[in-house]
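Structure record follows, encoded as structure tokens.
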Amino acid sequence: MSKITVETCEIEGLKVITPSVFGDERGYFMETYNQNDFKEAGIDMDFVQDNQSSSKKGVLRGLHFQINYPQDKLVRVVSGEVFDVAVDLREGSKTYGKWYGVRLSAENRKQFFIPKNFAHGFIVLSENAEFAYKCADFYHPNDEGGIAWNDPDIGVEWAMPEGMTAKDLIISEKDQKWPGIKALK
């Protein structure tokens, strides 16, 4: 019996996963990944690398992708809350350039499966957030790609941290220089 609930999104391939949580007066237990359950849900792959980052409120990371070595990703938040975004970059896809966003938090325990050939990014909504993700290919530092987080041709409606505006966001110099999606064609 599967211990996860899987919601599909309007963009084919994206999935929001909610694990079953077993709690009592001591705390809780949940499986964050079970290959059999995920395979049954149509997510059948070998993850080869786990990553974790910590960011403070207002940090926006993205929108990133790997060019020649695209990665399937399974992302989740260990502490805090983020608004997580995926943008379809699959050539020939009927939803090319469309985005989907979901709130991930330690409280809701949701996970987001993002297939390869999507750009990915997130913004931290809580005071701090620890973000963990599994990848189905290794990171290749010379293979990074990105698109502008605020590209009007994509139109991501980023959730903003309380008391902040886009001017207050903390964005790396590299992430401020990515071109728009039209530059990918």
Under 30°, 30 to 60°, or over 60°: which ring-plane class applies to Phe112 and Tyr100, parallel, tilted or perpendicular? tilted
I need the Cys135 SG to Ile114 CD1 distance, nearest 0.5 Å. 9.5 Å
Sequence neighbours left out, cut at 3.5 Å: what donor-acceptor pairs do the side chains of residues 147-156 make with other protein atoms?
unit_1 : atom_1 : unit_2 : atom_2 : d
Asp151 : OD1    : Asp153 : N      : 2.9
Asp151 : OD2    : Ile181 : N      : 2.5

Hydrophobic cluster membership, with links at side-chain heavy-atom distances under 4.5 Å among I/L/V/M/F/W/Y: are Ile67 and Val87 in one? yes
The remaining residues in the hydrophobic cluster of Tyr69, counting side-chain heavy-atom contacts under 4.5 Å among Ile, Leu, Val, Met, Phe, Trp and Tyr, are none
Identify whether Ile11 and Val102 are in the same connected component of the hydrophobic contact network (ILVMFWY, side-chain heavy atoms under 4.5 Å). yes
Same apolar cluster (I L V M F W Y, side chains within < 4.5 Å links), Trp178/Phe65: no
Counting only heavy atoms not in Glu31, do more than 12 fall under 6.0 Å of its CD? yes
How about Phe122 and Phe131: are their ring centroids closer than 6.0 Å? yes
Any pair with a residue in residues 4-31 that passes ring-ring contact (aromatic ring centres under 6.0 Å, His included), sequence neighbours left out, goes on the list, sorted by first then second residue, please. none
Salt bridge Asp88-Lys98, side-chain N to carboxylate O under 4.0 Å: no
Looking only at heavy atoms, what is the nearest atom pair of Ala159 and Leu125, with distance? O-CD2, 3.7 Å
Is it the case that over 12 heavy atoms from other parts of the model lie below 6.0 angstrom from the CD atom of Gln52? yes
Is a donor on one side and an acceptor on the other found under 3.5 Å between the side chain of Gln176 and the backbone of Ile171? yes
Whether His120 and Tyr133 hold their rings parallel, tilted or perpendicular, with breakpoints at 30° and 60°: tilted
Would you check if the side chain of Asp143 reaches a backbone N or O of His140 as a donor-acceptor pair within less than 3.5 Å? no
Quick one: CG on Asn36 to NZ on Lys3, what's the gap to the nearest 0.5 Å? 8.5 Å
Test: Arg90 and Glu12 ion pair at under 4.0 Å: no
Answer yes if Leu104 and Ile17 sit in the same cluster of Ile, Leu, Val, Met, Phe, Trp and Tyr residues linked by side chain heavy atoms under 4.5 Å apart, and no otherwise. no
Test the Lys134-Tyr33 pair against the cation-pi criterion, namely NZ or CZ under 6.0 angstrom from the six-membered ring centroid and within 45° of the ring axis. yes
Is there a salt bridge (charged side-chain N to carboxylate O under 4.0 Å, His left out) between Glu162 and Lys57? Walk through the geometry before answering. CA-CA 9 Å; Glu162 189 175 332; Lys57 182 178 180 178; over 6 Å; no
Side chain to side chain contact (heavy atoms under 4.5 Å, CB included) for Val16 and Val6? Distances and angles first, verdict last. CA-CA 6 Å; Val16 177; Val6 179; over 6 Å; no
Does some side-chain heavy atom of Val124 sit less than 4.5 Å from a side-chain heavy atom of Pro161? no
Taking every heavy atom of Lys116 against every heavy atom of Asp72, the minimum-distance pair comes out as N-OD1, 3.0 Å
Taking atom types as modelled and ignoring hydrogens, do the side chains of Arg61 and Ser172 form a donor-acceptor contact shorter than 3.5 angstrom? no
Any chance you could lay out the side chain to side chain contact (heavy atoms under 4.5 Å, CB included) test for Phe113 and Leu74, step after step, and finish with the verdict? CA-CA 4 Å; Phe113 175 73; Leu74 178 64; 4.3 Å; yes
Any chance you could measure Gln71, atom CD, to Tyr139, atom OH, to the nearest 0.5 Å? 9.0 Å
What's the separation between atom NZ in Lys15 and atom OG1 in Thr5, rounded to the nearest 0.5 Å? 13.0 Å
What I want to find out is whether Glu81 reaches Arg103 closely enough, with some N-O distance under 4.0 Å, to be called a salt bridge. yes
Are Val77 and Val59 co-members of a hydrophobic cluster defined by side-chain heavy atoms under 4.5 Å apart? yes
Gap between atom CD of Glu130 and atom OG of Ser54 - 0.5 Å precision: 5.0 Å
Are Asn51 and Gln49 close enough, and set up right, to give a side chain to side chain donor-acceptor pair (under 3.5 Å), and what steps lead you there? CA-CA 7 Å; Asn51 301 323; Gln49 183 174 324; 3.0 Å; yes
Side-chain donor/acceptor of Asp37 to backbone N/O of Asn34, under 3.5 Å: no
Measure the spacing between CE of Met45 and CG of Asp137 and express it to the nearest 0.5 Å. 11.5 Å
Apply the test side chain to side chain contact (heavy atoms under 4.5 Å, CB included) to residues Met160 and Leu169: give CA-CA distance (whole Å), side-chain angles for both, the deciding distance (0.1 Å), then the verdict. CA-CA 9 Å; Met160 283 292 144; Leu169 298 179; 3.8 Å; yes
Of the non-hydrogen atoms in Pro115 and Gly13, which two are nearest, and what is the gap between them? CG-O, 3.3 Å
Has Lys174 got more than 12 heavy atoms of other residues, nucleotides or ligands less than 6.0 Å from its NZ? yes
Tell me, with the steps shown, if Arg76 and Lys110 meet side chain to side chain contact (heavy atoms under 4.5 Å, CB included). CA-CA 7 Å; Arg76 67 188 182 98; Lys110 291 180 186 270; over 6 Å; no
Donor-acceptor under 3.5 Å (Asp175 side chain, Gly62 main chain): yes
